[in-house]
> 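Take this structure, written in structure tokens, and hold onto it; I'll ask about it next.
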Amino acid sequence: MRFQRVGAYARVSTSDQSTENQLIDLRRYAEQRGWTIPREYVDHGVSGGKESRPALDELMKDARRRKFDIVLVVKFDRFARSARHLLNALDEFRSLGIDFCSLHDAVDTTTPYGKAMFTIAGAMAELERELIRQRVKNGVQKARERGRQLGRPRIKVDLERVQLLVKEGRSCNYIGKVLGISRMTVAKVLAENPRQKMPENSL
């Protein structure tokens with residue numbers, strides 16, 4: 001078996017609690033398995049309801065940099081804020097070739113049986129993404145049926161003023177500054193109204 005590096009993660013919800021017991025269990029388990037822990041990621045006084053946490057964010061960054069081979073936690077609820085969060089994380093770890101082990105939940109993807117979790121997580125994460133895409137698609141369709149304009153609202157531009165400034169030989173950059181719009185917006189307005197010649201010094 002190749003040398004296994006572990007990213008150990010621990011969390012407590014309040015600042016007066018300690019993560020020491022979690023870390024002791026993680027260190028002991030890693031030692032029993034012959035794994036090494038190059039870094040421990042610890043969030044103190046951070047609610048599990050937050051998907052973004054300082055130490056957890058660092059762990060995910062290091063996972064993407066392949067700085068360890070296994071993520072080790074005491075329980076799921078120390079790591080993930082919801083089933084969705086857990087499934088998405090497991091799916092990402094699977095794509096990165098990183099295993100996940102939770103001591104008290106009896107989940108260890110380094111084992112053949114545990115790898116089934118990755119298959120389930122990947123399928124569930126894809127199902128959720130497809131449901132979200134379908135909801136968005138249905139929402140857009142309903143909005144169009146109601147005649148609602150989608151996307152950014154169009155910027156109202158005084159076309160007559162633009163045309164007047166163009167006749168004076170003003171550049172798109174100058175016109176944009178005068179009207180409080182971008183040079184590209186001025187150029188677009190002129191392109192949509194080809195009767196008015198674009199100023200030679202359009203910059």
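Note: hydrogens, waters and symmetry copies are ignored here, and every other heavy atom, side chains too, is used.
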> Apply salt bridge (Lys or Arg N to Asp or Glu O under 4.0 Å) to Arg28 and list each qualifying residue two or more places apart in sequence or on a separate chain.
Asp25

> Would you kindly confirm whether Val12 and Leu59 end up in one hydrophobic cluster when ILVMFWY residues are joined by side chain heavy atoms under 4.5 Å apart?
no

> With sequence neighbours excluded, tell me which residues meet side-chain hydrogen bond (donor to acceptor under 3.5 Å, both in side chains) with Asn21.
none

> For Gln22, give me all partners under side-chain hydrogen bond (donor to acceptor under 3.5 Å, both in side chains), at least two apart in sequence or on another chain.
none

> Using 0.5 Å steps for rounding, measure from the CZ atom of Arg65 to the CG atom of Leu96.
12.5 Å

> Kindly compute the distance separating CD (Gln4) from OG1 (Thr110), expressed to the nearest 0.5 Å.
7.5 Å

> Check salt bridge (Lys or Arg N to Asp or Glu O under 4.0 Å) between Glu20 and all other residues, then give those that pass, not counting sequence neighbours.
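Only Arg27 meet the salt bridge (Lys or Arg N to Asp or Glu O under 4.0 Å) criterion with Glu20.
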
> What's the separation between atom OG in Ser102 and atom CZ in Arg78, rounded to the nearest 0.5 Å?
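It is 11.0 Å, given to the nearest 0.5 Å.
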
> Give me the atom names and distance for the closest heavy-atom approach of Ile37 to Ala8.
CG2-CB, 4.0 Å

> What pairs with Arg66 under salt bridge (Lys or Arg N to Asp or Glu O under 4.0 Å), at least two apart in sequence or on another chain?
none

> Where is the tightest heavy-atom contact between Ala63 and Phe93, given as atom of each residue plus distance?
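Here Ala63 and Phe93 meet closest at CB-CE2, 4.1 Å.
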
> Is there a donor-acceptor pair closer than 3.5 Å between any side-chain N or O of Arg53 and the backbone N or O of Phe79?
yes

> Would you give the length of the straight line joining atom CD of Glu92 to atom CG of Asn88, rounded to the nearest 0.5 angstrom?
9.0 Å

> Find the distance between OH (Tyr174) and CG (Leu165) and round it off to the nearest 0.5 Å.
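If I round to the nearest 0.5 Å, the distance is 6.5 Å.
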
> Tell me, do Leu179 and Val162 make a side-chain contact under 4.5 Å, heavy atoms counted?
yes

> Taking a hydrophobic cluster as the set of Ile, Leu, Val, Met, Phe, Trp and Tyr residues connected by side-chain heavy atoms closer than 4.5 Å, whether directly or through intermediates, do Val166 and Val186 fall within one such cluster?
yes

> Checking the side chain of Gln17 only, and the main-chain atoms of Ser13 only, is there a donor and an acceptor separated by less than 3.5 Å?
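Present.
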
> Pair Leu56, Lys61 - check side chain to side chain contact (heavy atoms under 4.5 Å, CB included), show working.
CA-CA 9 Å; Leu56 181 60; Lys61 288 180 182 177; over 6 Å; no

> Kindly write out the residues that satisfy side-chain hydrogen bond (donor to acceptor under 3.5 Å, both in side chains) with Arg39, not counting sequence neighbours, or none if the list is empty.
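Partners of Arg39 under the side-chain hydrogen bond (donor to acceptor under 3.5 Å, both in side chains) test: Asp62.
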
> Out of curiosity, Ile98 CD1 to Thr109 OG1, how far, rounded to the nearest 0.5 Å?
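Output value for this atom pair is 10.0 Å.
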
> To check you understand the geometry: which heavy-atom pair defines the closest contact between Thr185 and Ser182, and what is its length?
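Closest approach of Thr185 to Ser182, heavy atoms only: OG1-OG, 2.8 Å.
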
> Do any N or O atoms from the side chain of Asp105 and from the backbone of Phe76 form a donor-acceptor pair under 3.5 angstrom?
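Present.
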
> With the side chain counted from C-beta on, respond yes when Tyr29 and Leu72 share a heavy-atom pair under 4.5 Å apart, and no when they do not.
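A side-chain contact under 4.5 Å exists here.
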
> Say whether, by atom type as modelled, one donor and one acceptor occur between the side chain of Arg11 and the main chain of His44 under 3.5 angstrom.
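Pair absent, no side-chain N/O of Arg11 close to backbone of His44.
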
> Please lay out, stage by stage, how Thr36 and Glu31 fare under the test side chain to side chain contact (heavy atoms under 4.5 Å, CB included).
CA-CA 7 Å; Thr36 183; Glu31 184 178 1; over 6 Å; no

> Only counting residues at least two apart or in another chain, list the ones meeting salt bridge (Lys or Arg N to Asp or Glu O under 4.0 Å) with Glu160.
none

> Would you say Arg5's side chain and Lys67's backbone share a donor-acceptor pair under 3.5 angstrom?
yes

> Can you name the side-chain hydrogen bond (donor to acceptor under 3.5 Å, both in side chains) partners of Thr19, sequence neighbours left out?
none

> Kindly write out the residues that satisfy side chain to side chain contact (heavy atoms under 4.5 Å, CB included) with Ala55, not counting sequence neighbours, or none if the list is empty.
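With neighbours one apart ignored, the set is Tyr9, Tyr41, Asp43.
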
> Flag the pair Leu103 / Leu26 as yes when at least one side-chain heavy-atom distance between them is below 4.5 Å, and no otherwise.
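Counting from C-beta outward, Leu103 and Leu26 do come under 4.5 Å.
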
